[in-house]
Amino acid sequence: MIKLSHIVKTYNPNTPQEVKALRDISLQINKGEIFGVIGLSGAGKSTLIRIINMLERPTSGQVEVNGQDLTNMSDNELRAARRHIGMIFQNFNLLSSATVRDNVAFPLQLARTQSKAEIDKRVTELLAMVELSDKADMYPAQLSGGQKQRVGIARALASNPEVLLCDEATSALDPKTTSSILALLTSLRRKLNLTIVIITHQMEVIKECCDRVAVIDNGMITELGSATEIFIDPKQALTKRLVSATVRRGLPELLRHTKVVSEYHEGAKAIIELLFLGPKADAPVIVDVAKECAVSISILSGSIDHIQNDPFGIIAVEIDGSRAEIERAIAAFKQRVHKVEVLGYDERKQLSEL
Amino acid sequence: MNASSFLNFDAWSRIGGLLWNASLETLYMVFVSSAVCIVVGVPLGVILLVTSKGYFWYSPRFYNVLAAVVNALRSVPFIILMVAIIPLTKLIVGTSIGTTAAIVPLTIGTIPFIGRLVETSLRTVPHGLIEAAQSMGASPWQIVRRVLIPEAMPELIQNFTITIIVIIGFSAMAGTIGGGGLGDLAIRYGYMRFRADVMISTVVILIAMVQIVQWIGDYLTRMCDHR
Ligand SMILES: Nc1ncnc2c1ncn2[C@@H]1O[C@H](COP(=O)(O)OP(=O)(O)OP(=O)(O)O)[C@@H](O)[C@H]1O
Ligand SMILES: [Mg+2]
C-alpha cells in the first residue's frame with residue numbers, strides 16, 4: 001500500500017546547519033496494516049510520516065502510495081492524491097473558528113465535488129462514527145483533548161482515504177483517553193479497511209494496536225518486525241531500552257540485594273524467566289512442571305500483558321533442586337512456554353528459612 | 001468670546017450646523033479611506049506573509065523589496081507625506097483641497113501600516129493548521145481564504161479598529177492643509193478665531209468617534225473569537 005524506496009532527507013544541505021534527518025529508508029507497508037514507527041525525539045519520525053504525503057519532499061528516493069508515485073507529481077496531482085491520505089496530529093490542528101461540524105466538513109468543502117446536502121449527510125455519518133453527534137455545534141475550544149482528536153479523525157476520514165497517517169496522535173492525551181483513541185483506530189481499520197501508520201515515542205501505543213513496528217534511530221531503521229517480535233525478542237540496544245519502559249525484563253526487584261552467579265553449583269537455585277505467549281499464557285504451567293519434575297518452584301515476579309489482543313506474560317521463578325532436576329524442569333518449561341531464559345543462580349535461602 | 005455666547009441660541013445653532021457638517025466630512029473621509037485601506041491592505045498583508053520564510057510562496061527577494069517599500073512609506077511622517085504627494089493627489093482627484101482630496105494621502109499613508117498589521121495577524125495562525133489544510137489537499141488560495149483569514153479574524157478586527165482610529169487622527173491632521181472635517185473646523189474657528197467652544201466640541205466629537213469605533217471593534221472581536 002505504501003512503499004518507500006531509499007528515502008533520504010537532508011535539511012539545509014551544504015550549509016553549516018545541515019541535518020541528515022533520514023538516511024536511506026526503505027519500507028513497505030501492507031494494505032489493512034497498522035504500522036508503528038517508534039524512536040526517540042529527533043530520530044526523524046515526523047519527517048518520515050510527512051514524506052508519505054509529501055508535506056515534505058524527500059531529497060532523494062521514491063514514495064509510492066496505493067500504486068501512485070507521489071515523488072514526480074505536479075502540485076495539482078499531489079493535492080488530488082492527498083485526498084486519499086488522511087492525517088491526524090499531536091495538537092489536533094482543528095480550526096478554532098469553525099464548529100465541530102464545519103471542521104469535519106472542511107476537506108469536503110475544499111474538494112468541491114459534493115453538494116451541500118451530500119456534505120451535511122456525510123458529516124452527520126462521520127460524527128456518529130466517532131461518537132460526537134451531540135457536539136456538532138460546539139467549537140473545538142469547548143472539547144476535551146480526546147474529543148478533539150475524534151474530530152481530527154472524523155475530518156481525516158471524511159473523503160474516504162485508504163491511508164491514515166497519525167503523527168504522535170495520542171502524545172497529548174492521558175493513558176485512558178489514549179487507549180480509547182487507539183481502540184477507535186483499531187475498529188475503524190477493520191470497518192473501513194484502512195492502512196494506518198502511527199508515529200509515536202510511546203511503546204504503549206505500539207503494544208496496544210500495531211501489527212508491525214519499525215524502530216528508527218538517527219534517521220535509519222534499526223529494527224523492523226511484528227509487534228510481538230519486537231516485544232519478546234528485541235535485538236538492538238535502543239529497542240531493548242524502549243521495550244523495557246513498558247515490559248520489565250531480567251532479574252526481579254526482589255533479588256536486588258542477592259548475589260546472583262552465572263554458574264550452577266551445589267545447593268544453588270536457578271532463576272528462570274518464562275515467557276508466555278498467546279492462548280497458552282493462562283495454562284497452569286508452573287504447577288504442572290513442579291509436579292512432573294518434583295522440584296519446588298517459587299514465583300519471584302510476574303506480569304500478564306497484552307500485545308494487541310494476544311495475552312503475553314513474563315514470570316520469573318526460582319527452582320530449587322539438584323542439578324539434574326533443575327535441568328529437567330527447564331526442559332519441561334521449554335516445551336510449554338514460548339521462551340525460557342536462565343538469568344542466573346542464587347545461593348539465598350528461602351525467605352521463610354531466614 | 002465671552003460667557004454670554006454660550007447662552008446665545010442662534011450662535012449655538014450656527015456652530016451646531018458647522019460641527020454637524022464637519023463631522024459628516026470626517027466620517028466620509030474616515031469611512032472611504034478605511035474601506036480602501038482594508039481592501040488594499042489585506043491583500044498586501046497576505047502577500048507579505050506568503051512570500052516570507054516558511055510560507056508557500058517563499059521568495060526572499062520579492063519579500064525583501066516589498067517589505068523595504070512598506071517600511072519606507074511607514075517611516076515618512078504623515079504630515080510630510082500629505083504635502084509631498086500633493087501632485088499625485090491633484091492627478092487623481094483633480095484638486096488638492098477638500099475632503100475627497102484628503103482621502104488620497106490618508107489612504108497612502110495608512111496602507112503600509114495596515115499591511116504590516118495584517119501580516120502579523122495572519123502570522124499568529126499556528127503553522128500546524130496550514131499543514132493540516134495542505135494534508136487535505138487545500139490550494140494556497142484556499143489556505144488563505146479558508147484558514148488564515150478566518151483563524152486570524154479576531155486579530156484582524158482588532159487591527160482594523162486600530163487603523164480606523166489612526167485614520168480618524170490623521171483625518172484631523174489633514175484638516176490643516178484644507179482637507180475639511182473636524183480638524184479643519186478646529187483650526188479655522190478654534191485656533192485662528194480663538195473659539196474655545198468650537199475647539200472643545202471638536203475634540204469631544206473626535207473622542208466619541210474613537211470610543212464608538214473601539215466599542216464596535218471589541219464587540220466584533222468577541223463575537224468571532226471562539227478560542
Ligand atoms: N524544517 C526543518 N529544518 C531543519 N531541520 C529540521 C526540520 N524539521 C526537522 N528537522 C531536524 O530533523 C531531525 C528529525 O526531526 P523530526 O521532527 O523528524 O524528529 P522526530 O523523530 O519527529 O522527533 P520528535 O519526537 O521530537 O517529534 C531533527 O534533528 C530536527 O532538528
Ligand atoms: Mg515529531
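Only heavy atoms go into these numbers, but all of them, side chains included; no hydrogens, no water, no symmetry mates. Each chain gets a letter, A, B and so on, in the order the sequences are listed, and its residues count up from 1. In this text, all values refer to a predicted model and were calculated from it rather than measured experimentally.
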For Phe31(B), does the CZ atom have more than 12 heavy-atom neighbours from other residues, nucleotides or ligands under 6.0 Å away?
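Atom CZ in Phe31(B) is not crowded, with 12 or fewer foreign heavy atoms closer than 6.0 Å.
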Can you pull out every side-chain hydrogen bond (donor to acceptor under 3.5 Å, both in side chains) where at least one residue sits in residues 28-46 of chain B? Sequence neighbours excluded, please.
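Residue pairs passing side-chain hydrogen bond (donor to acceptor under 3.5 Å, both in side chains), neighbours aside: Tyr28(B)-Thr100(B).
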Please classify the contact of Pro150(B) with chain A as side chain, backbone, both or neither, using a heavy-atom distance under 4.5 Å.
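It is both, since atoms from each part get that close.
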Between chain B and chain A, going by a 3.5 Å limit, which atoms form donor-acceptor pairs, if any?
residue   : atom : partner   : partner atom : Å
Gly128(B) : O    : Asn93(A)  : ND2          : 3.1
Glu131(B) : OE1  : Arg50(A)  : NH1          : 2.7
Glu131(B) : OE2  : Arg50(A)  : NH1          : 2.6
Glu131(B) : OE2  : Arg50(A)  : NH2          : 3.3
Gln134(B) : O    : Arg82(A)  : NH1          : 3.4
Gly137(B) : O    : Arg83(A)  : NH2          : 3.1
Gln142(B) : NE2  : Leu110(A) : O            : 3.0
Arg146(B) : NH2  : Gln109(A) : OE1          : 2.7
Glu151(B) : OE1  : Ser96(A)  : N            : 3.2
Glu151(B) : OE1  : Ser96(A)  : OG           : 2.8
Glu151(B) : OE2  : Ser96(A)  : N            : 2.9
Glu151(B) : OE2  : Ser97(A)  : N            : 2.8
Glu151(B) : OE2  : Ser97(A)  : OG           : 2.6
His226(B) : NE2  : Tyr139(A) : OH           : 3.2

Proximity breakdown for Leu94(A) and chain B, heavy-atom pairs closer than 4.5 Å
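Backbone of Leu94(A) only, per the 4.5 Å heavy-atom cut-off to chain B.
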Holding to side-chain contact (heavy atoms from CB on, under 4.5 Å), I want the full list of residues that pass it with Val210(B), two or more places apart in sequence or in another chain.
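Scan of Val210(B) (side-chain contact (heavy atoms from CB on, under 4.5 Å), adjacent residues dropped) gives Ile165(B), Ile168(B).
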Output the option from Leu78(A), Leu55(A), Leu95(A) having the highest count of non-hydrogen pairs under 4.5 Å with chain B.
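Among the listed options, the one with the most contacts to chain B is Leu95(A).
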Close contacts, residues 62-86 of chain B versus chain A, judged by heavy atoms under 4.5 Å
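Against chain A, none of the residues of residues 62-86 of chain B fall inside the cut-off of heavy atoms under 4.5 Å.
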So which atom in Phe106(A) and which in Ala133(B) form the shortest heavy-atom distance, rounded to 0.1 Å?
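So the two residues come closest at CE2-CB, 4.2 Å.
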Using a cut-off of under 4.5 Å for heavy-atom pairs, which of Pro154(B), Ala132(B), Cys224(B) has the most such pairs with chain A?
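Option with the top pair count is Ala132(B).
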